[in-house]
Enquirer: 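Let me begin by handing over the structure; questions about it come next.
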Amino acid sequence: EDRLELLLCLCSVFLCTKEGFDERFRNCIQFVKTHNPDCRTIKIPTYSYRGCFPQTNPHIQEKGHYDIISEAFNSFHREDLTVNRMIQEEMTEDDIVSKVLSGTCFSGESILRGNEIALKQIELMDRASDVSIGAYVKANYQKIRLFKDPVHMENNLVWFVAEQLLRIMGYQQNHPMPDWTIHYFTELPIYPEVIRALGLKWPEESYHPSIRLAEGMVSTNTEGFLRRYCRFAGSAERIQKSLHIQPDTDKVKERF
């Protein structure tokens with residue numbers, strides 16, 4: 001941020017996302033037009049897709065119930081509201097895992113409706129973007145995983161956006177995009193009823209979503225993920241109670 005004003009004045013291409021700047025630069029596009037009129041501005045919204053993740057908070061950027069330490073590393077950055085509720089109902093870890101794996105947490109109708117809304121939201125986001133992912137997501141969400149969680153894209157979708165950016169800037173992509181991980185982030189498991197209702201082909205038995213831990217990436221399965229999450233959330237619940245933390249208002253600072 002200390003050098004941002006200078007960089008905005010000097011850059012030749014400005015890739016602008018919705019949430020990339022502090023309050024001084026909320027009107028960053030106008031700032032660039034005024035101080036750097038030769039700069040090319042490319043706009044991309046912060047895409048989100050909740051269709052495969054009905055267990056998550058529909059208010060994508062809202063603070064999580066168990067985010068009790070601000071600015072701290074949290075492997076479970078995207079909370080599971082369904083598991084949270086069962087923890088608060090004092091269900092055991094085994095009962096929670098059994099309930100989720102039973103595939104009865106969400107109705108097929110609600111899943112289909114939620115996915116329809118999620119796809120329409122992406123179409124609306126495309127209208128404010130210089131790239132477009134709506135048609136790609138709609139054609140491929142059943143075939144391959146496109147989002148790690150509601151707001152973090154999988155590598156294939158990131159590369160799809162990158163190809164469009166290259167074309168916008170006048171470059172020709174002569175080789176296929178490389179097949180490597182460029183975005184290490186926790187991948188949320190997909191609930192069994194979601195797989196059935198949406199007809200997903202990609203979460204095969206051998207599929208193991210990854211959790212980003214402090215010591216690195218750990219591959220697991222849905223049960224393993226849920227057990228880790230239950231222990232994290234259950235511990236956070238006890239910390240909240242012992243410190244009398246009000247999750248809606250209070251936040252403990254990591255740096256005192």
Enquirer: Give a yes or no answer on whether the side chain of Arg196 reaches the backbone of Gly103 with a donor-acceptor pair at less than 3.5 Å.
Expert: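 Side chain of Arg196 to backbone of Gly103, a donor-acceptor pair under 3.5 Å: yes, one is there.
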Enquirer: Should Leu124 and Val131 be regarded as members of a common hydrophobic cluster, given that ILVMFWY residues are connected when their side-chain heavy atoms come within less than 4.5 Å of each other, either directly or indirectly?
Expert: no
Enquirer: What's the spacing between Thr82 OG1 and Ile87 CD1 if we round to 0.5 Å?
Expert: 11.0 Å
Enquirer: Test side-chain contact (heavy atoms from CB on, under 4.5 Å) on Leu8 and Asn36; report intermediate values, then the result.
Expert: CA-CA 7 Å; Leu8 289 175; Asn36 188 3; over 6 Å; no
Enquirer: Mind checking the NZ-SG spacing from Lys148 to Cys52? Nearest 0.5 Å is all I need.
Expert: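 Result: 14.0 Å between the selected atoms.
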Enquirer: Can you spot which of Ile96, Thr220, Val83 makes a side chain to side chain contact (heavy atoms under 4.5 Å, CB included) with Leu226?
Expert: Val83
Enquirer: Does the distance from a Lys or Arg side-chain N to an Asp or Glu carboxylate O, for Lys120 and Glu116, drop under 4.0 Å?
Expert: yes
Enquirer: Heavy-atom count around Glu109 CD within 6.0 Å, excluding the residue itself: above 12?
Expert: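 Check fails, neighbour count at 12 or below.
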Enquirer: Under a 4.5 Å cut-off applied to non-hydrogen side-chain atoms, are Leu146 and Trp202 in contact?
Expert: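 Side chain of Leu146 against side chain of Trp202, heavy atoms only: no contact under 4.5 Å found.
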Enquirer: Does Gln88 offer a backbone N or O that forms a donor-acceptor pair with the side chain of Arg85 under 3.5 Å?
Expert: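 No, the answer is negative, given that no donor and acceptor are paired below the 3.5 Å cut-off.
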Enquirer: Within this structure, what is the CG-CZ distance for the pair Leu157 and Phe160, rounded to the nearest 0.5 Å?
Expert: 7.5 Å
Enquirer: If you take all heavy atoms of His35 and Pro37, which pair is closest and at what distance?
Expert: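 Scanning both residues completely, I find the closest heavy atoms to be C-CD, 3.7 Å.
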Enquirer: Do Ser110 and Pro54 have side-chain heavy atoms sitting under 4.5 Å apart?
Expert: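 No; the side chains remain at least 4.5 Å from each other.
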Enquirer: Donor-acceptor check, side chain of Ser98 to backbone of Asp95, threshold 3.5 angstrom: yes or no?
Expert: no
Enquirer: Is Leu81 reachable from Phe106 through a run of I, L, V, M, F, W or Y residues, each pair having side-chain heavy atoms under 4.5 Å apart?
Expert: no
Enquirer: Are the side chain of Asp149 and the backbone of Arg78 linked by a donor-acceptor contact shorter than 3.5 Å?
Expert: no
Enquirer: Can you tell me if Glu79 uses its side chain to pair, donor with acceptor, with the backbone of Asn57 under 3.5 Å?
Expert: no
Enquirer: Counting N and O atoms only, with roles assigned by atom type, does the side chain of Glu193 sit under 3.5 Å from a partner on the main chain of Cys105, one being a donor and the other an acceptor?
Expert: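 Side chain of Glu193 to backbone of Cys105: a pair is present.
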Enquirer: So, Asp130 side chain and Ile44 main chain: donor-acceptor pair closer than 3.5 Å or not?
Expert: no
Enquirer: Return yes if some donor-acceptor pair links the side-chain N/O of Gln55 with the main-chain N/O of Asp80 below 3.5 Å, else return no.
Expert: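 Side chain of Gln55 to backbone of Asp80: no pair is present.
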Enquirer: Give the cluster check for Met217 versus Leu188: same hydrophobic cluster or not, with ILVMFWY residues linked at side-chain heavy-atom distances below 4.5 Å.
Expert: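 No, no single cluster joins them.
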Enquirer: A side-chain contact here means heavy atoms from C-beta on lying under 4.5 Å apart; do Thr17 and Tyr47 qualify?
Expert: no
Enquirer: Check the surroundings of atom CZ in Arg227: do more than 12 heavy atoms from other residues, nucleotides or ligands lie under 6.0 Å from it?
Expert: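 Atom CZ in Arg227 is packed in, count exceeds 12.
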Enquirer: Considering non-hydrogen atoms only, spot the tightest contact between Met169 and Ile42 and give its length.
Expert: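 Closest approach of Met169 to Ile42, heavy atoms only: CG-CD1, 4.0 Å.
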Enquirer: Is there a path of hydrophobic side-chain contacts, each under 4.5 Å between heavy atoms of I, L, V, M, F, W or Y residues, that connects Val158 with Tyr171?
Expert: yes
Enquirer: Leu101 vs Glu223, test: side-chain contact (heavy atoms from CB on, under 4.5 Å). Steps then yes/no.
Expert: CA-CA 8 Å; Leu101 295 182; Glu223 179 179 348; 4.2 Å; yes
Enquirer: Sub-3.5 Å donor-acceptor pair from the side chain of Ser129 to the main-chain atoms of Met125, do we have one?
Expert: no
Enquirer: Is Arg167 salt-bridged to Glu163, cutoff N-O under 4.0 Å?
Expert: no
Enquirer: For the pair Phe76 and Ile211, evaluate side-chain contact (heavy atoms from CB on, under 4.5 Å) and give the outcome as yes or no after the intermediate values.
Expert: CA-CA 8 Å; Phe76 302 100; Ile211 305 175; 4.2 Å; yes
Enquirer: With sequence neighbours excluded, tell me which residues meet ring pair (Phe, Tyr, Trp, His ring centres under 6.0 Å) with Phe185.
Expert: His77, His152, His183
Enquirer: By side-chain contact (heavy atoms from CB on, under 4.5 Å), which residues pair with Leu119, not counting sequence neighbours?
Expert: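 Checked Leu119 against side-chain contact (heavy atoms from CB on, under 4.5 Å); matches are Tyr49, Asn115, Val137, Lys138, Tyr141.
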Enquirer: Heavy atoms only: give me the nearest Leu112-Ala197 pair and the separation to one decimal.
Expert: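 So the two residues come closest at CD2-O, 3.4 Å.
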Enquirer: Could you check if a side-chain atom of Thr41 sits within less than 4.5 angstrom of a side-chain atom of Cys28, using non-hydrogen atoms only?
Expert: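 Side chain of Thr41 against side chain of Cys28, heavy atoms only: no contact under 4.5 Å found.
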Enquirer: Give, for atom CZ of Phe225 and atom OG of Ser210, the distance between the pair rounded to the nearest 0.5 Å.
Expert: 10.5 Å
Enquirer: Roughly how far apart are Ile133 CD1 and Met153 CE, rounded to 0.5 Å?
Expert: 4.0 Å
Enquirer: If you apply the rule side-chain contact (heavy atoms from CB on, under 4.5 Å), what do you find for Arg50 with Thr56, and how did you get there?
Expert: CA-CA 8 Å; Arg50 195 169 161 265; Thr56 58; 3.2 Å; yes
Enquirer: Identify the two heavy atoms, one from Glu187 and one from His208, that lie closest to each other, and give their separation to 0.1 Å.
Expert: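 Looking at all heavy atoms of both residues, the closest pair is OE1-O, 4.3 Å.
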Enquirer: Roughly how far, to the nearest 0.5 Å, is CD1 of Ile190 from OG1 of Thr222?
Expert: 8.0 Å
Enquirer: Quick one: do Leu10 and Val13 end up in the same hydrophobic cluster if we chain Ile, Leu, Val, Met, Phe, Trp and Tyr together by side-chain heavy atoms under 4.5 Å apart?
Expert: no
Enquirer: Where the side chain of Arg212 meets the backbone of Gly216, is there a donor-acceptor pair that is under 3.5 Å apart?
Expert: no
Enquirer: Can you find a heavy atom in the side chain of Leu15 that is under 4.5 Å from one in the side chain of Leu165?
Expert: yes
Enquirer: Answer yes or no: are there more than 12 heavy-atom neighbours, outside Glu90 itself, under 6.0 Å from its atom CD?
Expert: no
